[in-house]
There are 2 protein chains.
Amino acid sequence: MDKRLVEPDEGVPIADRDVLRPSPLPLYQQVKRHLVQRVLAGEWKPGQSLPSEQKLAQEYKLSQGTVRKAIEEMAQEGLVSRQAGRGTFVTSHSGNYEPFRFHRLFDNEGRRIATDAVSFVRVEDRSINARAAAGLQLDPGAPSTECLRLRHLDDQPVLVEKIVLNARLTPDIAPILSREEPPSIYQLLERDYNLLVTRVVERVRARGAAGEEARLLGLAEGTPVLEVERIAYSLGGAPVEWRIMVGETSKIHYLHSSG
Amino acid sequence: MDKRLVEPDEGVPIADRDVLRPSPLPLYQQVKRHLVQRVLAGEWKPGQSLPSEQKLAQEYKLSQGTVRKAIEEMAQEGLVSRQAGRGTFVTSHSGNYEPFRFHRLFDNEGRRIATDAVSFVRVEDRSINARAAAGLQLDPGAPSTECLRLRHLDDQPVLVEKIVLNARLTPDIAPILSREEPPSIYQLLERDYNLLVTRVVERVRARGAAGEEARLLGLAEGTPVLEVERIAYSLGGAPVEWRIMVGETSKIHYLHSSG
DNA sequence: CAGTGGTCTAGACCACATC
DNA sequence: ATGTGGTCTAGACCACTGA
């Protein structure tokens, strides 16, 4: 039976339903939005399971189908993953669901540049550089944490990364980075700051190697290098990280499949 | 009522249903597969509308919801697009649905490199070059059509494209390319060969400009340039085109959003 | 065994397009 | 006024998981 027949507008129940009422948005979108908030608030931690569709349908006083559609969209966006017979689980970068899914750099044998040795050259708090400020939508001079690291492949340096974090979103992260030297920044953002990176925008350019990066990579000045400039957005759309990766492309390339 | 109650297994009807029966695949997947075939066979041409959900449900003797799920997946994959109140339409590269969706090169003002002046330097039938052969999964020496063209931006040459097509899939395309000089090869593949490009894989590298491309772009030998190597696959998964694009990246960059 | 998500049905109302 | 896709309901059976 159609809900609108049963509850014309006022026989309305429950607190949760109040949250969902006034908007003209479809119910399943409202449910999705609400569930996403609850996941972000940590009500269910990464790896844990959400309540079953039945339970959620009862809680929101909606049909199972409506809740299902909300959860299906969340699954499609990678926030949760579903397993028939088991349940719906909050995905995690730290879990083994899709580690390194944003790493699009590969070596010539098709191996992903991700799990290799990383050395941290420098980690410091400083006022943000102009280019990163533009990317992170911050005023020039805003506080930031900047991190320079170097990836190796077969003991050869292949990639320099400069990573800039908005210090207002990730306060006191510098000592953590220095101490732990984590292979994945995004794991750390999720674990310590509840920031889930869901989307990145990358710009790829070619240019000649220069200055410190040339030295770190062991290249002559002017050698053609690939530059990947990345802005990472957290769930909700706030830019949390600006990153630039530079590597010589006799050894590595950027790979993208689409369709 | 559940269909399985009404039709245990043998009260089964209709030719279409026979096609869909023996497999263990969900019904909506079978419907999807069948509809995709019908679109590819040209039963509904790009821009035209499919029958309504109701009609298709009757035709397949299934519920509207099942047909809907099939069509929704097709829409998600971009084969059709849906408009409430109007219908479901076969998408087209020539139509205005998603033109140039594979073009990921932009200038520094954020404009897509796509609609600009194109000049054809050369179009010829020849035996395939080694690199394209590997990409297209062909034997070295297989017949191919090779096309070299140059894109301009504000009257400056910015991008050299070498395009190689598998002559077995696209016979006699050379004269068409020479005559029409189309801005989009994929429109032509769809119109004249019923090949719908649905997926591309791109590898991006940096290197020094060399030989003919340096001359065409007006660059000194060794100037860093961006090289995008693309393999385009048609619906069904056959590689139909290998393409290499080379440009100086003081003027252009490769952009990719993900998540 | 009970519980979960996955599939399928049948029917309702809605907003929107078109004529 | 008619027809379209978009939303929502209520209930069925299934395959799979885990205790």
Side-chain angles (χ1 to χ4, degrees), chain A residues 1-9 11-13 17 20-21 23-33 35 44 48-76 80-91, chain B residues 1-9 11-13 17 20-21 23-33 35 44 48-76 79-91 97:
Chain A
M1 201 186 312
D2 190 329
K3 170 135 260 150
R4 287 183 211 78
L5 270 181
V6 186
E7 301 175 2
D9 232 2
V12 187
R17 189 55 178 285
L20 302 180
R21 260 288 130 174
S23 157
L25 216 59
L27 283 177
Y28 78 90
Q29 287 285 0
Q30 300 178 45
V31 171
K32 178 188 166 194
R33 194 178 282 195
L35 286 174
W44 311 289
Q48 293 181 347
S49 70
L50 270 61
S52 73
E53 295 177 354
Q54 276 296 349
K55 294 237 180 73
L56 287 171
Q58 285 170 23
E59 183 184 336
Y60 287 114
K61 298 216 183 304
L62 295 170
S63 86
Q64 187 176 353
T66 303
V67 171
R68 173 185 302 266
K69 198 158 179 187
I71 299 176
E72 268 172 356
E73 284 205 358
M74 292 166 70
Q76 223 156 8
V80 298
S81 84
R82 329 191 74 201
Q83 290 172 255
R86 300 228 304 136
T88 300
F89 301 84
V90 180
T91 41
Chain B
M1 199 185 315
D2 191 330
K3 169 135 260 151
R4 286 185 210 76
L5 271 180
V6 186
E7 301 176 3
D9 232 0
V12 187
R17 189 57 177 284
L20 302 180
R21 261 287 130 178
S23 158
L25 215 60
L27 284 177
Y28 77 90
Q29 288 283 1
Q30 300 179 44
V31 172
K32 178 188 165 194
R33 195 177 282 196
L35 286 174
W44 311 288
Q48 292 181 348
S49 70
L50 269 60
S52 73
E53 295 177 353
Q54 276 295 351
K55 294 237 181 72
L56 288 171
Q58 286 170 22
E59 183 183 337
Y60 286 113
K61 299 218 182 301
L62 295 171
S63 86
Q64 187 176 351
T66 302
V67 172
R68 156 159 298 159
K69 199 159 180 186
I71 299 177
E72 269 172 356
E73 283 204 359
M74 292 166 70
Q76 220 154 11
L79 182 59
V80 299
S81 85
R82 328 191 75 200
Q83 290 172 253
R86 300 228 304 134
T88 300
F89 301 84
V90 179
T91 35
Y97 291 108

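Naming convention: chains lettered A, B, ... in sequence-line order (proteins, then strands); numbering from 1 in each chain. From a predicted model like this one, the values you see are computed outputs, not experimental measurements.
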Length of the line joining [X]:[atom1] and [N]:[atom2], which is rounded to integer Å:
| X | N | atom1 | atom2 | value |
| --- | --- | --- | --- | --- |
| A:Lys69 | D:dT7 | NZ | P | 4 Å |
| B:Gln58 | C:dT9 | CD | P | 14 Å |
| B:Gln54 | C:dC13 | CD | C1' | 14 Å |
| A:Gln64 | D:dA12 | CD | C1' | 11 Å |
| A:Gln29 | D:dT7 | CD | C1' | 11 Å |
| B:Glu53 | C:dT9 | CD | P | 13 Å |
| A:Arg82 | C:dT4 | CZ | C1' | 9 Å |
| B:Lys61 | C:dC8 | NZ | P | 18 Å |

For [X] and [Y], work out which heavy atoms get closest and say how close.
| X | Y | result |
| --- | --- | --- |
| B:Arg82 | B:Ala75 | CG-CB, 3.8 Å |
| A:Val67 | A:Glu53 | CG1-O, 4.3 Å |
| B:Ala70 | B:Tyr28 | CB-O, 3.3 Å |

Starting the side chain at C-beta, find the nucleotide from [options] nearest to [X].
| X | options | value |
| --- | --- | --- |
| B:Arg68 | C:dC8, C:dG6, D:dT7 | D:dT7 |
| A:Ser63 | D:dG5, C:dG5, D:dA10 | D:dA10 |
| A:Tyr28 | D:dC8, C:dT4, C:dC8 | D:dC8 |
| B:Ala84 | D:dC8, D:dG6, C:dC8 | D:dG6 |

Inset, instruction - Answer yes or no: does a side-chain N or O of B:Ser52 lie under 4.0 Å from OP1 or OP2 of D:dT4? - result: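 Answer is yes, contact under 4.0 Å.
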Legend entry - side-chain N/O A:Thr88 vs C:dT4 OP1/OP2, d < 4.0 Å: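 Looking at the OP1 and OP2 atoms of C:dT4, neither is under 4.0 Å from any side-chain N or O of A:Thr88.
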Inset, instruction - Can you check whether any acceptor in the base of C:dG5 is under 3.5 Å from a donor in the side chain of A:Arg86, or vice versa? - result: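 Per atom types, no contact qualifies.
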Is any side-chain heavy atom of [X] less than 4.5 Å from a side-chain heavy atom of [Y]?
| X | Y | value |
| --- | --- | --- |
| A:Lys69 | A:Lys32 | no |
| B:Met74 | B:Leu79 | yes |
| A:Leu35 | A:Val80 | no |
| B:Glu59 | B:Leu56 | yes |

Legend entry - Along DNA chain D (nearest heavy atom to each residue), the more 5'-positioned of A:Gly85 and A:Thr66: A:Thr66
Legend entry - Secondary-structure string, 5' to 3', Watson-Crick or G-U under 3.5 Å, | for another-strand partners, for DNA chain C: ||||||||||||||||.|.
